[in-house]
Amino acid sequence: MSSAQFSNAVAATVRSPLLDSGGLLVAATIAAFSLLAFAFVAAGVRRRFWWWVAASVHVAAGVLLPFTRDLLSFFVLWEMVTLGAVGVLAFEPDARRLLRLYLPLQLLAAALLMSAFGAHYGVSGSLLLPVQGLEAGAGVALAALSIKAAVIPVHLWMTRTYTAVRPETAVVLSAVATKIGVFGMYRLISGGPTLEIAGGAVAVVGVIYALRQKQLRHFLAFHIVSQVGYMIAGVGSTVAFAGAGGLFHLANNVVYKGLLFMVVVMLISRFGHSNIYRMNGAGRSMPVLAVVAVVASASISGLPPFNGYVSKTVIEQFLSSPVAVALLRIAGVGTAISFTKFLWYCFFKRAEPRGAGREDTCDEIVGDNAHSVPARSRPAGGGVAVDGRPAAHASARRRIAIAVILSLACVVMGLAAVAIFPALPADAAVTLESFRFGLVPPAIGVLLFALAYSRLRPALERLPSATLYTRPLSTGATRLLRALQEQHSGDVRRYLGWILMGLIVIWAVVIL
Amino acid sequence: MTVFAGHLPVFLIALPLLAVPLLYLIDRLGANSRNVALLFYALMALAAGVPWLPGFPAEVVAEIGGWPADIGIELRLDALARLFLPVVGVIGLLGTVAADPGEATGPFYPLSFLLLAGSNGLILTNDLFNAYVFLEITSISSYALVGFRRDTRGFESGFKYIVVGSLASVLLLWGIAGLYAVSGTLAFSRFAAALPAVPGRAAVAAAVLVVVGLLTKLGIAPFHAWKADALAGAPRSVAATLAGATVSAYFVVLVRVLTTVPGGIGFGLRPATGGFFMRLSAYVSEFVAAGIPGMLILLSGASIIVGHLTALRQTRLSRLLAYSSVAHFGYIIAGVAVGTVPALAGAFLHAVHHAFMKAGLFLFIPLAADSAERDRITSLTCGRTAPALVGSAMIFLTMGMVGIPPAAGFASKWILVLETARAGAPFAAILIALGGAIALVYYLRLSLAAVGRTRSSSPRRSPADVRVFAAFLVCAGYVFVAFWATDLLAGIAISVAETTLGGGG
């Protein structure tokens, strides 16, 4: 291998980028969205210089990654995405401790990816980006990409950090890391019906867990998991149009999920907490925000003519496995239920009295959400600005403007889908026909919410949480480390015993 | 040039040996031997660089007293020696520069030169028995240096090191006797001719003894447990020399043994066909049949796991670094076992990088601890002299250890991962790659502990501090320069690997 590759992975990508419509779409969406997200953050609390540097590295690496031609550059940029995020987390007062979870999982992903590339190189002798998926180590690479894409059950790094950072930071983070994981699947994995079904299953499980959340940001984080399921079903299919649909869904998701995070930021700064059930009808005091939220919710629920409708329809139309399609339909209804709940409780319904909602104040998935709203971020949105600076109003107006731009983007991406992303099938457009069929699943969702949600809630509460597997894992690891420590406690006789035993075992294996 | 070149191998061993009584005498006469020692050491480091001068012959063979290699002492300055002589010389020099003047009294400098003579001899010798002699010289001087801090902990470390090291020497000697009995020669360059291409059981058994003896000296699991005890009790400058320079010399002997004894390296499994269990059983049986290379791959995997996981729980930096060495030699041995040109080149490159990084991190301890004995991670600061610089250099060194791009260590690890995966040992590749992930956790702990702390209140700032500081910065500088010179270094390592494999048959 030419060693010039080592020092120049990034330069090589810039010098001879791989330009295909999928990569361009993803990179352009992430870049454009991130600029708006940066403006959104800049309108709020001041960030430290190094926060901006880290966030820029995170985003820039994510934008460059779709253009790489070779696996080494892919790996280096992948690592830069991680390092940028680590830098951002290091400057987040409440999220720094989560690096203990975030780093090991991300590094595990990096290690797996590196080994998969090694295996592929061993078989194919080339480090160029494979055309037909990795020739060897695809399973290992898939594990790595799943971690990055925050697939259940390795989603914890995402759901826990995105909910612990200052709310605005989640807007920036939501656009890159998981999307890179999905994009990597598009580039590296050849896929098949199994992956389609896996994607569908992730979408369903993600929605179920999202439905039971009471904190706004947990709710959105689990919807990321669910949406990633859609994308995996799309890019994991061998059908080219389904892959295109998956990528378009990725781009759409960057826009509307970022928009939803912005809405949540503004709700949190208005009310000073993030409990869905105690938002007290924000629609009356923040009508523009309510409209934006409706647009974003409609997009994510796949309502025509918004962008989510187009990509969801394309994916469901071209998947080869009927099971996967069925799972995605179920997830679609679940998403509709979930976002009806979001709109209803946050914008239209008056708050539940405090005493009645006693059990709502804590979230059992994380359990430490009591301080999830850093006091520092509260004045930024205007409403409860204690210091009453006029600047707060200006910044709130700027934020609303950014959100409105993004909601327009949701409409434009829906109406001009084929013009924006030519790889989509030519008939993937919003027509009158689409209103007939497209409205059915969301309507079922709204209906189910109205009729059955109150009965569903206690059942959702009883679902097992992630501690089901995190606790035995951590106790097992502790025990293993303690046993190792025991073997190195300074007893020379034990050292000699190990040497002789090792020698005898080796002799036995090598000679006999 | 050629006349001079012919004597250089002798010069590299004889001169440090000559320095031993000289420095002892100077010390006994009451004069300060320190400056003489430093000057002399610098001269030796320069001499180790001489083979890199243009016009120097590619290989120099010195037969002492004109006796041929079978019966005499033959020294051979080949590509491998040329690569590792400067590593041993420069890191030894850095360790000597950084020695605490309060500790480095009496026989300290003579012992350092004995260590240097032994290490250079190990690298240069073409004869297994001479290698044993030099190995004893090196070991005995290092036992003495480890126990040099005359307190309980120093004695305990030295004692444990002696006990385990002696067992290793005995195994090695048995193995050498066995190899001699089977092949009738002890010269590395003649094993290939004297042994059949597929050696018999007796030869393999003897070779295993030699290899296990050397692996114990290197610190490969499960023969590694002494390492943390020895390095933690040694004076810091000695620990830096042992972990960087001396280990490299042992490594060279191991490479020579493995590349010259038939069947020593060359791990490559063909992908099997059939169902999962068919393939699995074929893989396992092929693995067992792979002999010594298969064993080396397994041991390297064990080293990576045990080294990194044990390092995770350490509270003292020197022990942490020792366990990290275990894991890193696991990486290196995996590359050697695979034994293709790029894999071997990756192993050499990583050995050189690791030597500088590890020496640098050991030199960080005297800068960061408020007294020589204390190296608890939670009590470390970034030193008294230029804490920002020390802190960032330390973080840079740990980045190199983990293998994060702008520091050396990334490229070599990348090669090792690719080549082990290609040779059919994907689990070793995964372990090498995963190792970095675990290492990042404990190095991050170190970085956060040291950088997050404000400067220590003690105003002690001695000339010794400045010397340690300088030696530390040289190591960090190497890690920085080596990343940008990756092309050059990889080219050198590849040519060395080619000659090593070509010469060994």
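Lettering of chains follows the sequences in order, A, B, ..., and the numbering in each one begins at 1.
- Contact count against chain B (heavy-atom pairs under 4.5 Å) is highest for Leu484(A) among Leu484(A), Leu99(A), Val505(A), Val509(A).
- For Val164(B), the parts lying under 4.5 angstrom from a heavy atom of chain A are both the backbone and the side chain.
- With a 4.5 Å cut-off on non-hydrogen atoms, Leu171(B) touches chain A through its side chain but not through its backbone.
- No part of Leu215(B) comes within reach of chain A, as not one of its non-hydrogen atoms sits under 4.5 angstrom from that chain.
- Between Arg319(B) and Asp229(B) there is a salt bridge, since at least one side-chain N of the basic residue sits less than 4.0 Å from a carboxylate O of the acidic one.
- With 3.5 Å as the limit, one finds no donor-acceptor pair spanning the side chains of Tyr331(B) and Thr420(B).
- Neither the backbone nor the side chain of Arg494(A) comes within less than 4.5 Å of any heavy atom in chain B.
- Of the two parts of Ala205(B), the backbone and the side chain both hold a non-hydrogen atom closer than 4.5 Å to a non-hydrogen atom of chain A.
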Could you tabulate the donor-acceptor pairs under 3.5 Å formed by side-chain atoms of residues 122-142 of chain A, not counting sequence neighbours?
unit_1	atom_1	unit_2	atom_2	d
Ser124(A)	OG	His120(A)	O	2.9
Ser124(A)	OG	His120(A)	NE2	3.3
Ser124(A)	OG	Ser126(A)	N	3.3
Ser124(A)	OG	Ser126(A)	O	3.4
Ser126(A)	OG	Leu128(A)	N	3.0

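- Chain B forms more heavy-atom pairs under 4.5 Å with one residue of Met501(A), Gln106(A), Arg482(A), Gln487(A) than with any other, namely Arg482(A).
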Dump the intermediate steps for side-chain contact (heavy atoms from CB on, under 4.5 Å) on Val57(A) and Val81(A), then the final yes or no.
CA-CA 7 Å; Val57(A) 168; Val81(A) 169; over 6 Å; no

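- In summary, the side chains of Arg47(A) and Thr169(A) do present a donor paired with an acceptor at a separation below 3.5 Å, with no hydrogens or angles considered.
- Between chain B and the options Ile499(A), Val492(A), Leu496(A), heavy-atom pairs under 4.5 Å are most frequent for Ile499(A).
- For chain A, the nearby part of Leu167(B) is the side chain; its heavy atoms alone come within less than 4.5 Å.
- Separation of the Tyr495(A) and His488(A) ring centroids does not fall under the 6.0 Å cut-off.
- For chain A, the nearby parts of Leu434(B) are the backbone and the side chain; heavy atoms of each come within less than 4.5 Å.
- Proximity to chain A is absent for every atom of Phe159(B), based on heavy atoms less than 4.5 angstrom apart.
- In this structure, Thr486(B) contributes its side chain and Ala482(B) its backbone to a donor-acceptor pair below 3.5 Å.
- Heavy atoms closer than 4.5 Å to chain A are found nowhere in Ile432(B), neither backbone nor side chain.
- Among the candidates Leu188(A), Val76(A), Leu113(A), the single residue satisfying the side chain to side chain contact (heavy atoms under 4.5 Å, CB included) test with Leu71(A) is Leu188(A).
- Proximity to chain B is limited to the side chain of Leu83(A), based on heavy atoms less than 4.5 angstrom apart.
- The contact between Ile404(B) and chain A is made entirely by side chain atoms (from C-beta outward), counting heavy-atom distances below 4.5 Å.
- For residues 422-445 of chain B, the salt bridge (Lys or Arg N to Asp or Glu O under 4.0 Å) pairs, not counting sequence neighbours, are Glu419(B)-Arg422(B).
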